[in-house]
Amino acid sequence: MIKIRLSDGSHRDFPKGITGWEIAKTLSTSLAKEAVAIRIGEELWDLTRPIEADSDIEVIKRASDVGLDILRHDAAHVFAEAVKELYPETQITIGPSIQDGFFYDLFRKESFTPEDLTRIEERMHDIVNRDEIVTREVWSREKAIAFFKDLGEFFKAEIIEDLPGTDEITLYRQGKFIDLCRGPHLPSTGKLGHAFKLMKLAGAYWRGDSKNQMLQRVYGTAWSSEKDLQAYLTRLEEAEKRDHRRLGKEMDLFHMQEEAIGSVFWHPKGWTLYRILENYIRDKITAEGYVEVRTPQLLDRSLWEASGHWGKFGENMFIVKDEDKTLALKPMSCPCHILIFRQGIKSYRDLPIRMAEFGSCIRNEPSGALQGLTRVRSMVQDDAHIFCREDQIEEETRKFCVLLLNVYKELGFDELTVKFSDRPEVRAGDDATWDKAEAHLEAGARASGLSYTLNPGEGAFYGPKLEFVLKDAIGRDWQCGTLQLDFVLPERLDATYIGEDGKKYRPAMLHRAIFGSLERFIAIFIEHHGGKFPLWAAPVQAVVATVTQEGDAYAQKVYDTLKAAGLRAEIDLRNESIKYKIRELSLQKTPYILVVGKKEALEGTVALRKLGGEAQEVLALHAVIDKLTNEAIPPHKRPNLDENK
RNA sequence: GCCGGAUUAGCUCAGCUGGUAGAGCAACUGAUUUGUAAUCAGUAGGUCGCGAGUUCGAAUCUUGCAUCCGGCACCA
């Protein structure tokens with residue numbers, strides 16, 4: 001007999017060699033049904049693997065995070081089995097579980113078509129129905145390598161060859177299919193169920209390296225129940241409805257076209273939104289002691305060579321020839337800000353200097369990277385560089401973090417994660433400089449009280465960075481803000497200040513942005529709100545709509561009053577039914593519709609209808625103005641009741 | 001840049017195996033003067049992304065290019 005301690009703390013004795021599944025069955029039949037694996041100590045085991053010694057175990061249920069992960073991995077195996085049955089000439093490579101599902105990378109001369117995916121998916125359902133027993137086998141490394149080479153699975157053989165350490169590897173067999181895998185897996189393919197779907201076909205490089213062979217990647221989604229699968233598909237549809245490219249067109253905010261790929265044509269409403277957000281952030285940084293500058297867009301090659309950008313990003317810069325000169329469109333503003341800093345002599349008393357610019361930057365992004373407003377070639381950064389003494393780094397870092405958190409919160413983003421990215425392989429500056437920079441930035445991050453995760457090797461070429469990732473209304477992560485500590489550029493471009501002792505010193509430079517690029521941030525802002533902007537940011541805040549032409553004169557008066565109160569209003573006098581106008585204006589996501597007819601004209605009132613609201617409110621005109629102007633105050637100009645105490 | 005898919009009226013889309021283009025909405029004109037998410041009727045609108053080829057004949061087949069979409073790689 002062996003002693004098993006369960007996750008609720010209770011102990012039970014079981015015969016040696018009992019399996020996790022058998023234990024689950026003794027606990028309850030429903031638990032056994034839900035079980036997909038067990039956790040034994042730190043390891044995850046198959047349900048059918050015999051337990052030989054005293055252990056702590058926990059039954060993993062299919063709907064749990066770990067359970068789903070296992071389920072999705074099983075889906076990947078069933079997928080691979082289906083592929084090998086239908087297209088035996090295919091080599092299978094890796095097939096991990098990922099968020100919401102799994103993928104599998106395949107190598108085959110012919111391309112898979114969407115029709116092939118349908119066929120494969122059908123076969124997957126067959127395999128689940130066959131309920132093939134899944135067994136775990138332990139092989140020697142040599143045997144496994146030889147086996148896969150013999151099968152013609154050269155990618156698999158290469159994976160095994162590169163596995164570190166152990167001489168033994170595990171394989172899982174189901175039906176005629178056998179795959180390398182650490183496991184655990186479900187006891188049989190039937191346990192997977194049918195809540196999966198193949199989603200898309202894509203290309204992916206072998207081992208993630210663009211120098212390698214391109215493989216065919218198939219993405220699938222898999223869930224513990226049909227209901228969860230449906231919920232997921234519904235979530236995708238909802239995400240599609242708030243896609244900024246779609247809303248940009250529907251709400252007439254902007255467009256893009258072939259003649260200017262990667263650049264935006266802002267329409268009046270979109271540009272209004274743009275200016276609102278730009279002015280908002282301008283107000284915020286001005287209050288924090290930033291000064292704003294504007295620097296050139298076309299700069300000589302020699303500057304970019306000196307800064308190091310030419311060497312690292314030369315290929316991604318647009319070059320302009322002028323007689324015997326070579327100029328580049330600026331891809332970023334930092335060298336320019338150093339050039340301003342260098343004008344005149346700076347004293348230690350002048351620091352910190354927080355120099356901001358809404359810098360128009362142009363980068364030749366790879367064509368395949370372009371994506372709506374989120375990845376463009378022509379963008380504006382809410383960029384600023386803080387020149388400071390070494391002993392000011394911590395405080396400046398802390399201040400920036402506070403500002404950034406406040407901005408995100410005011411704009412409706414409540415959840416934030418932070419990543420600390422340290423030195424990349426290809427970098428400028430010596431190791432001692434990097435040691436110092438990383439230590440300072442970490443201290444600053446700690447001083448701000450933020451918790452962060454390490455993102456190794458992802459720093460900029462001139463310094464380590466903090467990356468701020470916000471979560472939108474439907475749970476997607478977006479990296480927007482950044483704070484980068486740089487000792488390298490001030491050195492390369494020779495920025496100095498005079499210290500207390502009259503000697504020259506190098507300032508430290510903090511590169512920082514809250515939005516990142518205005519274009520990208522606006523895309524996120526649109527998607528986060530699904531086009532239903534808070535009143536202060538809505539390009540059109542209110543539309544006066546008449547019931548009949550009898551109301552025209554009064555409607556005009558209401559409209560004039562709104563405009564005089566500084567509201568962004570429009571008027572709809574068209575000869576259409578009020579039903580029609582409301583429908584159209586609602587689809588345009590107009591925050592407020594002010595319906596006026598004969599009755600309102602007589603009484604000097606307005607029937608106020610809020611977007612998304614069922615009921616309307618009949619108010620006196622002045623009351624409507626009060627209500628709207630009050631609601632339209634931007635968050636940073638709103639009196640903060642907590643602080644007024 | 002790489003892999004796959006798409007590109008038809010202002011928008012959303014239909015057009016099977018090749019016989020030379022269609023709907024809804026929008027626009028325009030007229031009627032209607034309407035009370036909270038589509039009033040009715042009529043009119044007009046397209047070298048089917050661009051170029052080449054096959055064919056008696058190409059939106060449809062082949063091919064090159066461009067852009068977009070989904071990934072991969074990249075992201076100062």
Side-chain angles (χ1 to χ4, degrees), chain A residues 103 105 111-114 116-117 199-219 240 243 245-246 249-250 252 255-262 304 307-317 330-335 361 363-372 374-376 381 383 424 426-428 458-463 465 479 482 484 486 489 511 513 516-517 520 545-552 574-588 593-600 607-609 611-616 618:
Chain A
F103 70 74
D105 283 352
S111 294
F112 286 99
T113 64
D116 292 334
L117 287 198
M199 301 299 286
K200 52 199 174 192
L201 207 45
Y205 296 106
W206 167 235
R207 304 207 138 160
D209 189 332
S210 60
K211 289 194 278 293
N212 287 344
Q213 177 82 48
M214 168 95 27
L215 306 171
Q216 300 186 64
R217 175 173 294 181
V218 177
Y219 283 91
E240 215 169 294
D243 187 303
R245 290 165 297 201
R246 175 181 177 145
K249 196 182 281 177
E250 286 174 3
D252 194 19
H255 88 274
M256 299 172 96
Q257 67 180 61
E258 250 185 81
E259 287 76 4
I261 61 168
W304 304 111
S307 72
H309 289 96
W310 191 272
K312 181 131 189 356
F313 294 107
E315 298 222 324
N316 299 310
M317 286 162 52
K330 85 170 171 196
M332 53 175 351
S333 304
C334 20
C361 297
R363 299 178 175 178
N364 194 353
E365 302 284 7
S367 59
L370 300 176
Q371 206 188 39
T374 60
R375 191 80 181 268
V376 290
Q381 296 179 317
D383 201 12
V426 183
R427 58 180 181 263
E458 295 294 319
F461 77 91
Y462 47 70
K465 55 184 179 184
Q479 197 248 300
T482 181
Q484 303 162 12
D486 179 6
L489 280 184
H511 306 241
S517 96
R520 179 177 148 87
T546 48
V547 179
T548 69
Q549 281 174 333
E550 282 177 304
D552 283 7
R574 290 174 304 168
N575 176 17
E576 295 287 354
S577 70
I578 190 65
K579 274 161 109 83
Y580 180 85
K581 290 182 185 179
I582 285 170
R583 176 182 157 81
E584 202 177 57
L585 294 168
S586 300
L587 289 173
Q588 283 291 307
I593 301 171
L594 282 63
V595 179
V596 296
K598 216 194 300 186
K599 209 165 69 194
E600 288 76 13
L608 187 66
R609 187 191 163 101
L611 179 61
E614 300 276 303
Q616 64 168 349
V618 179

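Quick note on labels: first sequence line is chain A, next is B, and so on, each numbered from 1.
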Sorted by chain and number, sequence neighbours left out, side-chain contact (heavy atoms from CB on, under 4.5 Å) with A/Asp383 holds for A/Ser333, A/Gln381, A/His385
Just call it for A/Ser111: base, sugar-phosphate, or nothing, with non-hydrogen atoms closer than 4.0 Å on any strand.
-> sugar-phosphate
Q: Report which part of the nucleic acid A/Lys599 touches: base, sugar-phosphate, or nothing (heavy-atom distance under 4.0 Å, all strands).
A: base
| message | Within the 4.0 Å heavy-atom criterion, would you say A/Lys598 contacts the bases, only the backbone, or no part of the nucleic acid? | response | base
Item to check | Any donor-acceptor N/O pair under 3.5 Å between B/G35 base and A/Glu600 side chain | outcome: yes
From CD of A/Gln257 across to C1' of B/A66 the rounded distance in Å is 14 Å
Contact class for A/Leu587 vs. all strands (heavy atom < 4.0 Å): base, sugar-phosphate, or nothing?
base
Using a strict 4.0 Å threshold on nitrogen-to-oxygen distance, state whether A/Asp243 and A/Arg245 make a salt bridge. yes
Across every strand shown, the nucleotide meeting Watson-Crick or G-U wobble geometry with B/G35 (both distances under 3.5 Å) is none
**Message:** What's the gap between B/G5 and B/U20 when it is taken at their P atoms, as a whole Å value?
**Reply:** 29 Å
pair_partner(B/C68), Watson-Crick or wobble, both distances < 3.5 Å, evaluates to B/G5
Atom CD1 of A/Ile593 and atom P of B/A38 are separated, to the nearest Å, by 12 Å
* Is the backbone N or O of A/Lys581 less than 3.5 Å from a side-chain atom of A/Glu584, with the two atoms forming a donor-acceptor pair by type? -> no
From CD of A/Glu576 across to P of B/U33 the rounded distance in Å is 14 Å
Readout for nucleotides 68-76 of chain B: B = base within 4.0 Å of protein heavy atom, S = sugar-phosphate only, - = neither; 5' to 3' it is SSBBBBBBB
For B/G53, the nucleotide meeting Watson-Crick or G-U wobble distances (both under 3.5 Å) is B/C61
Checking N1-N3 plus N6-O4 or O6-N4 for Watson-Crick, or N1-O2 and O6-N3 for wobble, each under 3.5 Å, the partner of B/A41 is B/U29
According to a strict under-4.0 Å criterion, is A/Tyr580 in side-chain N/O contact with OP1 or OP2 of B/A26?
-> yes
>> When you compare the side chain of A/Pro331 with that of A/Trp304, does any pair of heavy atoms fall below 4.5 Å?
In response: yes
B/U12 -> Watson-Crick or G-U wobble partner, both distances under 3.5 Å, gives B/A23
Hits for salt bridge (charged side-chain N to carboxylate O under 4.0 Å, His left out) against A/Glu250, two or more places apart or cross-chain, chain-then-number order -> A/Arg246
Paired with A/Leu608, the side-chain contact (heavy atoms from CB on, under 4.5 Å) test is passed by just one of A/Ile593, A/Leu594, A/Val595, A/Val618, namely A/Leu594
- Has the side chain of A/Ser517 got a donor or acceptor atom that lies under 3.5 Å from a matching backbone atom of A/Arg520? yes
Across every strand shown, the nucleotide meeting Watson-Crick or G-U wobble geometry with B/G46 (both distances under 3.5 Å) is none
Rounded to the nearest 0.5 Å, the NE2 atom of A/His511 sits from the CG atom of A/Asp486 at a distance of 3.5 Å
Using a 4.0 Å heavy-atom cut-off, does A/Glu258 contact any base of the nucleic acid, only the sugar-phosphate backbone, or nothing at all?
sugar-phosphate
Closest to the side chain of A/Ala607, out of B/A37, B/U36, B/U39, is B/U36
* To do: Tell me what A/Ile578 touches on the nucleic acid: a base, only sugar-phosphate, or nothing, going by heavy atoms under 4.0 Å.
  => sugar-phosphate
Whole-Å distance, A/Arg574 CZ to B/U39 P, equals 11 Å
**OP:** Rounded to whole angstrom, note down the C1' distance from B/U62 over to B/A26.
**Re:** 38 Å
Comparing nearest nucleotides in RNA chain B, the 5'-proximal residue of the pair A/Val596, A/Ser577 is A/Val596
From CD of A/Gln216 across to C1' of B/G5 the rounded distance in Å is 13 Å
Checking B/G4, B/A37, B/U36 against the side chain of A/Gln616 (C-beta onward), the nearest is B/U36
* Any donor and acceptor pair, going by atom type alone, linking the side chain of A/Asp116 with main-chain N or O of A/Thr113 inside 3.5 Å? -> yes
Q: Determine the Euclidean distance between corresponding C1' atoms of B/C65 and B/U29; express it in Å to zero decimal places.
A: 43 Å
Of B/A66, B/U39, B/U33, the nucleotide closest to the side chain of A/Lys579 is B/U39
Just to be sure I understand the rule, does A/Gln479 reach a base, reach only the sugar-phosphate, or reach nothing, if contact means heavy atoms closer than 4.0 Å?
nothing
| message | If I pick the P atom on B/A23 and the same atom on B/G42, what distance separates them, to the nearest angstrom? | response | 12 Å
